[in-house]
Amino acid sequence: MIDKAIIEQLKKDVGNELAVELLKTFVNESKKTVAILTSKNELSEIEMSAHSLKSSCYSFGASDLGDTCKQIEALVKVEHSQKDLNTLLKTADEQSKVTFKKLATITENIQI
């Protein structure tokens, strides 16, 4: 889910042109972070990537993906099963694809 109120506030705060650039940058950088998140085995790298992505997601209205990253970040801090972690990582990967596609559509429809 995309929180459109956050996108609207971003446009209001920085203008449409800069909002589009920021959203595109968010998507491009987040794709890299998701790749790191879903390909690493070290919990510290997973935690750091989840934390970083969570913060960015909430800033750019990608609340569902942000929530999943929050769950990943919390899970790696406690004893957990690999299955639970893998499930959340798969969810994050799937959500990111949908989220980034939706954000691309939103940026295409912003009048500059």
Exam field: side chain N16 to backbone I110, donor-acceptor pair closer than 3.5 Å: no
Euclidean distance, L88 CG relative to L75 CG, rounded to 0.5 Å: 6.0 Å
Interatomic distance, Q71 atom CD to T91 atom OG1 [nearest 0.5 angstrom]: 8.0 Å
From D3, I6, L10, T99, residue fulfilling side-chain contact (heavy atoms from CB on, under 4.5 Å) relative to F60: L10
Neighbour count >12 (heavy atoms, 6.0 Å) for atom NZ, K70: no
Path from I36 to L89 over hydrophobic side-chain contacts below 4.5 Å: no
Interatomic spacing from NZ in K24 to OG1 in T107 - rounded to 0.5 Å: 5.5 Å
Spacing of NZ belonging to K40 relative to CE belonging to M48, to within rounding of 0.5 Å: 10.0 Å
Aromatic plane relationship, F26 with F100 - under 30° parallel, 30 to 60° tilted, over 60° perpendicular: perpendicular
N109 atom CG: more than 12 heavy-atom contacts under 6.0 Å: yes
Residue pair Y58 / D67, side-chain donor-acceptor N/O under 3.5 Å: yes
Flag for S81-D84: side-chain donor and acceptor within less than 3.5 Å: yes
I7 side chain near L103 side chain, heavy-atom distance below 4.5 Å: yes
Side-chain donor-acceptor contact under 3.5 Å, Q9 with D13: yes
Nearest heavy atoms of T33 and S49, plus distance in Å: CG2-O, 3.6 Å
pair N41-I46: side-chain heavy atoms closer than 4.5 Å: no
Shortest non-hydrogen contact from K77 toward E73: CG-O, 3.3 Å
Any side-chain heavy-atom pair of D64 and V98 under 4.5 Å: no
Distance in Å, T87 OG1 paired with Q82 CD, rounded so as to fall on 0.5 Å steps: 10.0 Å
Pairwise side-chain contact, L53 with I72, heavy-atom cut-off 4.5 Å (strictly under): no
Nearest atoms (heavy-atom pairs only) where L37 meets A50: CD1-N, 3.8 Å
Atom pair CD (Q95) and NZ (K102), whose distance is rounded to the nearest 0.5 Å: 10.0 Å
